[in-house]
Amino acid sequence: MPEASLWGEKAATKRRVTITVNEIPYTYTLPVDLRLADFLRECLNLKSVKLGCGAGDCGACTVLLDGRATPSCIVMAVEAHGKSVLTLEGAERDRLIRALQVAFIEKGAVQCGFCTSGMILTLAALLRENRRPTKEDIKRALAGNLCRCTGYQRIINAALAVVSDGL
Amino acid sequence: MSQTVGPAACQGDSFGYEAPGSLEELAAILRSEAGGERTPLFLAGGTDLWVDLRSGKKQANLVIDLKQLPELSGVREREDETGLGALLPIHSLESLPALGREGQALREAASALGSYQVRNRATLGGNLGNGAPTADMAAALIALDAVLELWRPDGSGRRVAVTDFWRGAGKTCLGPQEVICRVWLPRRVGWSSAFLKQGPRRAMDIAIVNAAVSLKTVKGVIADARVALGGAGATPLRPVGAEAALVGQKPSMAIFRRAGELAAEVSDPRGSGRASREYRLSLIPVLTERALTLAAERLTSQDDKKVARVK
Ligand SMILES: Cc1cc2nc3c(=O)[nH]c(=O)nc-3n(C[C@H](O)[C@H](O)[C@H](O)COP(=O)(O)OP(=O)(O)OC[C@H]3O[C@@H](n4cnc5c(N)ncnc54)[C@H](O)[C@@H]3O)c2cc1C
């Protein structure tokens, strides 16, 4: 279990929660200050979820919470009670996310890979809201996903390739 | 849906989390905490609160999650006003039809807040509750004459004009047990509005200064105006002198520039890591003038449409 209580040295109370992750319901009794990102990584071993800044700035920990792109470092696991979470590990059966993964590989949009899961899930959420986003829409949606390797161009190209394939 | 463990479940020296499913449940929790050791903090999207708790800027021993309260959700329409639930995610405001033409400033302010992820999570009520003078919704709501509907555990609600909400740096008129339920926007037919923001980066950053304005013209003359600024003082400001200078005038570059100067005269921004006081003071007239110009263009295009229809 991850260290440090969020609110200092006092212990957090625990709550019983049920969260559906990648279509499987899990019931756990969790400290109320456990971040959703830590729950996914440490309890469920879903390591596609990356912890970067821990303050909602970098987008590496983005997951889909009830379908919406969400920074899992500033959401506590207890807040996801009764909700469903999708991480990149759950993308096997998702055609749109598969298409994004393939486009990322083909367009060379992955370098160190730390930002990739957050990028792909953010784009999946965007494309579900808007099937025909413009390049500007894509850039705006990715403003909260930092990448220090690619310079973004290849990531945007990968997204545009999926858009023009009309999935 | 609610899975409240009674407050008794959190004992002594530990931190608790409650998620009431109704205002009655919330009232019961607050009553049982009254006079106790714990000071409850309300939680909506957590994009300010969790960050502030982690950094140590705030301390809490009880967090009460408001997200399951139906009374704070959704959009309510009345004949003369629209009520936006405090829990509405900022992202949903970006394209909310209920805001009408006159509500464009709020749509623009929503689009300018944080990132896609943050806008999904952050709420309207949280943006106000946080009390920041740069909160993007703040200036827009002042320009739209918003009224806040507040709730207290004894059931005594009150309505507060948004201009009376801020009470100094980071301070609001909210009592410790008071909750923002809804933000009411009066229907303002014939008005137009605009919001502009300058931040350190083009996206994903708190404003250095933001400006929201609204205008109404009658026969080509400005009949009424609102000007609101964020980042221009300890609280969001409404420079009424700038508004007064506009009324009775025809929209023009000269009068908008004058309004911008008057807005800067009553501003008292501080210097911070984000920008110096001087930079803020030079931004204020520019953003005010540009926002007024934009709002005036929108009026003209509305009038054009009306004229076209009459013909
Ligand atoms: C990466 C990042 C970027 C950001 N960019 C911007 C930006 O560009 N512009 C901007 O304005 N803000 C920005 N913010 C700040 C934040 O996202 C907004 O202020 C947001 O609207 C807060 O809403 P919330 O629901 O997350 O509030 P919370 O964090 O849940 O709450 C904030 C405060 O309001 C109180 N509160 C919440 N709801 C209520 C209610 N209904 N009644 C009474 N009190 C209440 C809470 O007790 C708390 O004190 C950013 C934050 C992050 C992490």
Side-chain angles (χ1 to χ4, degrees), chain A residues 4-18 30-36 53-79 81-83 118 121-123 125-126 129-130 137-146, chain B residues 1-5 7-19 21 38 41 43-63 65-68 89 91-92 94-95 111-122 199 201-206:
Chain A
S5 159
L6 185 66
W7 303 320
E9 64 278 11
K10 291 183 184 175
T13 51
K14 292 189 174 178
R15 272 172 94 96
R16 200 175 155 79
V17 297
T18 299
L30 299 174
V32 298
D33 64 347
L34 181 71
R35 297 178 294 185
L36 180 59
C53 69
D57 270 306
C58 79
C61 68
T62 302
V63 299
L64 301 189
L65 181 62
D66 282 348
R68 291 199 277 181
T70 301
S72 63
C73 73
I74 49 171
V75 174
M76 299 306 121
V78 287
E79 293 180 87
H81 172 66
K83 299 190 180 299
L121 290 172
T122 303
L123 287 168
L126 171 71
E129 268 188 72
N130 174 5
D137 295 333
I138 292 169
K139 282 181 162 177
R140 220 171 84 75
L142 292 182
N145 293 81
L146 302 188
Chain B
M1 267 306 289
S2 146
Q3 45 136 15
T4 308
V5 178
C10 315
Q11 263 143 23
D13 249 11
S14 58
F15 294 103
Y17 166 91
E18 301 289 341
R38 306 195 293 181
L41 286 186
L43 168 72
T47 62
D48 280 316
L49 188 65
W50 292 130
V51 174
D52 289 345
L53 287 174
R54 181 159 283 267
S55 71
K57 188 175 153 193
K58 279 188 182 160
Q59 275 88 40
N61 40 23
L62 175 60
V63 167
D65 192 344
L66 304 175
K67 280 192 289 295
Q68 291 173 32
H91 180 53
S92 72
E94 288 186 72
S95 57
S111 303
L113 189 147
S115 63
Y116 184 33
Q117 291 88 335
V118 169
R119 289 191 294 275
N120 274 333
R121 196 75 193 153
R201 294 178 282 176
R202 231 182 340 134
M204 262 308 266
D205 224 323
I206 309 290

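Here is how names work: the chains are called A, B, and so on, in the same order as the sequence lines, proteins then strands, and each is numbered from 1.
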Spatial distance of atom CZ (B:Arg54) from atom CG (A:Asp33) [nearest 0.5 Å]:
8.0 Å
A side-chain contact here means heavy atoms from C-beta on lying under 4.5 Å apart; do B:Asp65 and A:Met76 qualify?
no
Part of B:Leu43 lying under 4.5 Å from any heavy atom of chain A:
side chain
Just how far is it from atom CD1 of A:Ile74 to atom CG of B:Leu53, taken to the nearest 0.5 Å?
12.0 Å
Which atoms of B:Ser111 come close to chain A, meaning under 4.5 Å heavy atom to heavy atom: side chain ones, backbone ones, both, or neither?
both
What one should report as the nearest heavy-atom pair of A:Leu65 and B:Arg121 is CD2-NH1, 3.4 Å
Measure across B:Pro89 and A:Arg68 and return the closest heavy-atom pair with its distance rounded to 0.1 Å.
CG-NH1, 3.2 Å
Donor-acceptor pair between B:Gln68 and A:His81 side chains, under 3.5 angstrom:
no
Close side-chain approach of B:Glu18 to A:Arg15, heavy-atom, < 4.5 Å
yes
For A:Thr122, is it the side chain, the backbone, both, or neither that has a heavy atom closer than 4.5 Å to a heavy atom of chain B?
both
Nearest 0.5 angstrom please: A:Asn145 CG to B:Ser115 OG, how far?
7.5 Å
Listed partners of A:Ala141 passing side chain to side chain contact (heavy atoms under 4.5 Å, CB included), at least two apart:
A:Leu126, B:Tyr116
Would you check if A:Glu79 and B:Tyr17 make a side-chain contact, meaning some heavy-atom pair closer than 4.5 Å?
yes
I'd like to verify something: which residue of A:Thr70, A:Leu142, A:Val75 has the highest number of heavy-atom pairs under 4.5 Å with chain B?
A:Val75
